[in-house]
Amino acid sequence: GNNHMKEENYGAAVDCYTRAIKLDPNNAVYYCNRAAAQSKLNNYSEAIKDCERAIAIDPKYSKAYGRMGLALTSVNKYEEAVTSYQKALDLDPDNDSYKSNLKIAEQKLRDMSSPTGTGLSFDMASLINNPAFISMAASLMQNPQVQQLMSGMMSNAIGGPAAGVGGLSDLSSLIHAGQQFAQQIQQQNPELIEQLRNHVRSRSFSGSTEEHS
């Protein structure tokens with residue numbers, strides 16, 4: 001199983017660890033290793049179950065908590081992931097991987113609870129550099145409803161009677177205008193907002209939460 005993991009044959013690794021578990025069902029390492037293979041296959045629910053089994057056998061198995069944190073983060077269960085990483089660090093305080101992954105989970109949790117009206121909170125730089133997002137944005141701006149919204153917002157914010165007072169005169173006003181626009185888009189096209197959320201999540205988990213071994 002370990003050799004298959006090194007060769008990135010994750011399905012074969014799962015099969016080997018399953019056979020090992022049948023031979024020795026009380027070995028926490030086999031469950032934890034199978035969890036790692038399941039995560040590589042994006043089978044996060046199975047990975048979480050295996051980590052739970054490993055912890056039930058060995059409650060002080062830090063790696064099981066760490067791998068469970070990774071799987072929980074990947075399914076957007078950030079609060080539970082934070083708890084898992086904290087337990088992993090309690091058992092292994094010097095593990096840099098747990099520290100970095102804990103920070104990622106904590107940031108994701110803060111993003112989820114960010115009061116932006118639509119729940120959108122993301123790394124703008126990563127989006128701007130992503131061709132898929134640029135294409136999506138270009139298509140969006142061709143929508144007459146969106147053009148009308150933008151025109152109305154800009155005239156109210158900059159050319160209206162409140163310009164210089166409540167207009168785009170400072171950063172907070174700019175942020176507020178952006179949030180207002182996002183809320184209007186949410187009302188006009190909720191499907192687009194959901195696509196954007198999914199796009200951000202998939203990009204965020206393309207390697208940023210990978211646990212370093």
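Keep in mind that what you see is a predicted model, and the values were worked out from it rather than measured. The first residue of the sequence shown is numbered 1, and numbering continues consecutively from there.
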task: Taking Ser39 for its side chain and Ala36 for its backbone only, find out whether a donor-acceptor pair lies under 3.5 Å.
output: no
message: Show, in sequence, the C-alpha distance, side-chain angles and deciding distance for Asp90 and Gln86, and conclude whether the side chain to side chain donor-acceptor pair (under 3.5 Å) test is met.
response: CA-CA 6 Å; Asp90 288 342; Gln86 287 173 338; over 6 Å; no
task: Flag yes if more than 12 heavy atoms outside Lys60 fall under 6.0 Å of its NZ atom; otherwise flag no.
output: no
message: Assess, by modelled atom type and distance only, whether the side chains of Asn33 and Tyr31 contain a donor and an acceptor separated by less than 3.5 Å.
response: no
- line: In short, Ile57 meets Pro25 closest at the heavy-atom pair CD1-O, 3.7 Å
- prompt: Any side-chain heavy atom of Lys63 within less than 4.5 Å of one from Tyr98?
  reply: yes
message: Just verifying a value: how many Å separate Cys51 SG and Tyr65 OH, rounded to the nearest 0.5 Å?
response: 10.5 Å
- prompt: Charged N to carboxylate O below 4.0 Å: is that the case for Lys49 and Glu46?
  reply: yes
query: In Å and rounded to the nearest 0.5 Å, what is the CG to OG distance from Asn42 to Ser74?
result: 8.0 Å
- prompt: Does the side chain of Leu102 reach to within under 4.5 Å of the side chain of Leu89, using non-hydrogen atoms?
  reply: yes
- prompt: Do Tyr17 and Met5 have side chains that get closer than 4.5 Å, going by heavy atoms?
  reply: yes
- prompt: How many angstroms lie between CG in Leu109 and CD in Glu79, if you round to the nearest 0.5 Å?
  reply: 6.0 Å
message: For Ala37 versus Ala13, what's the shortest heavy-atom pair and its separation?
response: CB-CB, 4.2 Å
- prompt: CG of Leu72 to CD1 of Ile48: how many Å apart, nearest 0.5 Å?
  reply: 4.0 Å
query: So, do Thr73 and Asn101 sit near enough that their side-chain heavy atoms are less than 4.5 Å apart?
result: no
message: If you compare all heavy atoms of Ser62 against all heavy atoms of Leu91, which two are closest, and at what distance to 0.1 Å?
response: CB-CB, 3.7 Å
- request: Indicate the atoms forming the closest heavy-atom contact of Met68 with Ile55, along with that distance.
  value: CE-CD1, 3.6 Å
statement: Separation between NE2 (His4) and CG (Asp15), nearest 0.5 Å, reads 8.0 Å
query: Of all residues at least two apart in sequence or in a different chain, which pass the salt bridge (Lys or Arg N to Asp or Glu O under 4.0 Å) check with Lys87?
result: none
message: Quick check: do Arg19 and Leu23 have side-chain heavy atoms less than 4.5 Å from each other?
response: no
message: Can a donor-acceptor pair be found, under 3.5 Å and without considering hydrogens, that links the side chain of Tyr61 to the backbone of Cys32?
response: no
- prompt: In Å, rounded to the nearest 0.5 Å, how long is the span from OG of Ser45 to CD of Gln38?
  reply: 8.0 Å
message: Minimum heavy-atom separation for Ala28 and Asp58, please, with both atom names.
response: CB-CB, 4.0 Å
message: Counting C-beta onward and ignoring hydrogens, is there a side-chain heavy-atom pair between Asn76 and Tyr78 closer than 4.5 Å?
response: yes
query: What pairs with Ala20 under side chain to side chain contact (heavy atoms under 4.5 Å, CB included), at least two apart in sequence or on another chain?
result: Tyr30
